[in-house]
Amino acid sequence: MSKASILPLRLAEVSFAAGGRTIIDRVSLEIETGLSTIILGANGAGKSVLMRLMHGLLEPSSGRIDWNAPERPGVPRKQAMVFQRPVMLRRSAYGNVAYALKIAGIPEPRRAALVREALESVGLSHLARRSARVLSGGEQQRLALARAWALHPEVLFLDEPTASLDPSATREIESVIKAFDAAGTKVVMATHNLGQARRLGDEILFLDQGRVVERSPVEDFFSKPQSAQAAAFIKGQLPWI
Amino acid sequence: MSEALSAALALLIGLDSKLVEIVLLSLRVSLSAVAIAALVGLPLGAAIAVGRFPGRQTVIVLLNALMGLPPVVVGLLVYLLLSRAGPLGALGILFTPSAMVVAQAILILPIIAALSRQAIEDAWREYEEQLCSLGAGRVNAALTLLWDTRFSLLTTILAGFGRAAAEVGAVMIVGGNIDGVTRVMTTTIALETSKGDLPLALGLGMILIAIVIAVNAAAYLTKELAQRRYG
């Protein structure tokens with residue numbers, strides 16, 4: 001694998017429209033290596049769509065999205081994504097991670113060690129042989145994290161990974177994300193959960209109606225939001241402050 | 001009626017050699033046809049489900065419509081193809097079990113392709129983002145979906161088998177219902193009924209129904225067990 005970093009990621013005047021509705025509206029920004037970025041915003045603000053544009057699952061209607069080192073077909077992706085609802089393949093937990101490695105073109109002999117390491121990192125080694133689809137929601141999401149992280153991507157996109165989980169499963173997921181962050185993976189996560197944003201984020205990218213209205217370090221964002229929309233959002237989410 | 005029934009039971013219990021021969025030929029022909037149709041139809045269904053090409057919707061509508069192909073029409077077309085003056089007449093397989101396999105395979109190919117296309121496309125909707133995110137191309141995605149929908153596809157293949165085993169028009173035309181060569185259960189039932197030999201017709205009818213029920217039960221159980229295990 002080449003050493004060239006795929007970061008920074010640059011978005012220039014990126015818009016995305018679907019069904020006559022503008023979902024992302026002329027967003028320009030740069031995602032650098034290092035600090036973890038939280039994309040915060042209300043439902044419908046465009047968080048998921050923005051991440052899908054970055055990850056390449058959607059094509060922008062206009063504007064440009066450029067990675068420092070463009071992806072080439074046949075070379076394993078250096079970015080991965082975990083979705084709100086994990087999609088488990090009809091095979092074992094082990095098989096799900098091995099599948100991702102196979103798609104990435106990792107030769108069979110090298111897969112076993114990588115799969116074991118990935119399962120270990122999310123605490124699922126004991127369930128390796130279990131069928132992925134019968135695991136609990138929290139376990140499935142941890143498996144999705146292992147699958148995404150098996151190749152140690154440079155960038156990990158997370159789209160509200162705990163939105164459909166209970167508090168204890170959420171804690172487990174958060175600690176896994178922290179560990180990945182500490183291991184040097186750039187985390188870009190969408191959430192509308194302020195507590196989670198505070199626990200996992202270094203900087204906040206606040207989205208409102210498809211536009212980035214504010215970008216600031218976590219502490220600044222919560223103590224002195226720059227925009228009226230952000231202030232209203234924080235107040236709306238935490239009315240007791 | 002009751003006389004015919006008891007005679008039919010006697011044939012069954014005695015494993016009448018003529019009857020056994022007919023049943024085995026029926027199974028051989030229909031199972032071969034299903035194997036060929038599945039080999040072609042499943043990848044075809046997956047390709048249409050995952051592929052993006054001009055005229056895709058037209059292809060889907062046509063394929064769905066072809067599920068209702070009348071067996072006699074398929075028989076006629078295959079007859080014309082294989083008859084001595086036809087384009088494939090040189091093969092010399094008209095009025096042989098091979099011709100019957102060809103006709104049934106053509107008859108059930110649209111069923112397997114159309115139903116698998118539907119099952120795979122439903123799964124594709126769920127899997128698409130995840131597979132694209134992992135970097136799987138369309139060919140890889142199609143193969144993955146074929147494997148992941150394997151339990152639904154079993155039902156699809158079964159629908160094809162049911163159709164093949166039960167049809168009479170196509171095998172009658174291209175097989176010719178020749179005693180000891182191309183006589184299968186359905187053609188025998190038709191012939192013996194018209195001749196008035198009800199016991200053989202009735203016995204074969206019972207076997208035909210029993211086979212269809214047994215195969216479906218086996219497939220249902222497999223699917224249930226597998227789904228409990230794999231989710």
Side-chain angles (χ1 to χ4, degrees), chain A residues 48-49 51-59 71-93 95-106 129-137 139-140 143-144 147-151 153 155-159, chain B residues 38 42-43 45-47 49-54 57 115-158 219-231:
Chain A
S48 293
V49 171
M51 294 225 305
R52 280 167 171 77
L53 286 164
M54 291 175 176
H55 190 44
L57 295 176
L58 293 173
E59 288 286 322
E71 295 190 304
R72 286 191 311 253
V75 177
R77 299 194 81 181
K78 288 185 178 178
Q79 48 169 315
M81 183 155 173
V82 170
F83 300 87
Q84 182 176 339
R85 280 161 27 92
V87 175
M88 294 290 126
L89 302 176
R90 269 205 183 81
R91 43 194 95 195
S92 65
N96 267 273
V97 181
Y99 175 84
L101 297 175
K102 183 172 165 224
I103 291 293
I106 305 298
R129 293 286 150 207
R130 194 73 65 81
S131 178
R133 290 203 164 217
V134 301
L135 298 177
S136 72
E139 288 164 347
Q140 288 195 3
L143 180 55
R147 188 169 58 186
W149 203 65
L151 280 176
V155 183
L156 181 60
F157 292 103
L158 302 153
D159 185 11
Chain B
L42 294 179
V50 174
R52 281 195 204 133
F53 50 89
Q57 274 162 330
L115 294 181
S116 62
R117 195 275 309 165
Q118 186 67 59
I120 292 168
E121 197 172 314
D122 290 346
W124 177 232
R125 241 170 252 139
E126 183 193 346
Y127 285 38
E128 182 171 7
E129 284 198 320
Q130 182 66 64
L131 295 187
C132 290
S133 171
L134 292 173
R138 296 213 162 233
V139 174
N140 260 328
L143 293 174
T144 304
L145 291 166
L146 274 172
W147 178 245
D148 261 60
T149 53
R150 56 196 181 271
F151 307 128
S152 310
L153 296 183
L154 192 62
T155 313
T156 297
I157 291 172
L158 227 76
Y220 181 80
L221 285 177
T222 313
K223 194 175 163 166
E224 278 296 294
L225 282 176
Q227 222 136 42
R228 208 165 303 155
R229 180 152 150 57
Y230 296 102

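In what follows, chains are A, B, ... by sequence order, proteins preceding strands, each numbered from 1.
Taking the side-chain hydrogen bond (donor to acceptor under 3.5 Å, both in side chains) definition, one finds that B:E128 meets it with B:R52, sequence neighbours left out.
Residue-level contacts of residues 95-102 of chain A with chain B, in order of numbering, are A:Y99, A:A100; threshold 4.5 Å between heavy atoms.
Of the two parts of B:R228, only the backbone, made up of N, CA, C and O, holds a non-hydrogen atom closer than 4.5 Å to a non-hydrogen atom of chain A. Proximity to chain B (any heavy atom under 4.5 Å) is restricted, for A:L57, to the side chain, taken from C-beta onward. Proximity to chain A (any heavy atom under 4.5 Å) is shown, for B:L145, by neither the backbone nor the side chain. Using a 4.5 Å cut-off between heavy atoms, A:R52 touches chain B through its side chain atoms alone.
One finds the CG atom of B:D148 at 6.5 Å from the CZ atom of A:R133 (value rounded to the nearest 0.5 Å). The OG atom of A:S48 sits 13.0 Å away from atom NE2 of A:H55, with the distance rounded to the nearest 0.5 Å. Summarising the geometry, atom NZ belonging to B:K223 is positioned 3.5 Å from atom OG1 belonging to B:T155; distances are rounded to the nearest 0.5 Å.
Counting heavy atoms of neighbouring residues, nucleotides and ligands inside a 6.0 Å radius, atom CZ of B:R150 exceeds 12 of them.
Between A:E139 and A:R130 the shortest side-chain heavy-atom distance does not fall below 4.5 Å.
With hydrogens and angles disregarded, a donor-acceptor distance shorter than 3.5 Å links the side chain of A:Q140 to the backbone of A:L135. A donor-acceptor pair is defined here as one N or O able to donate and one able to accept, closer than 3.5 Å; no such pair exists between the side chain of B:T149 and the backbone of B:S152.
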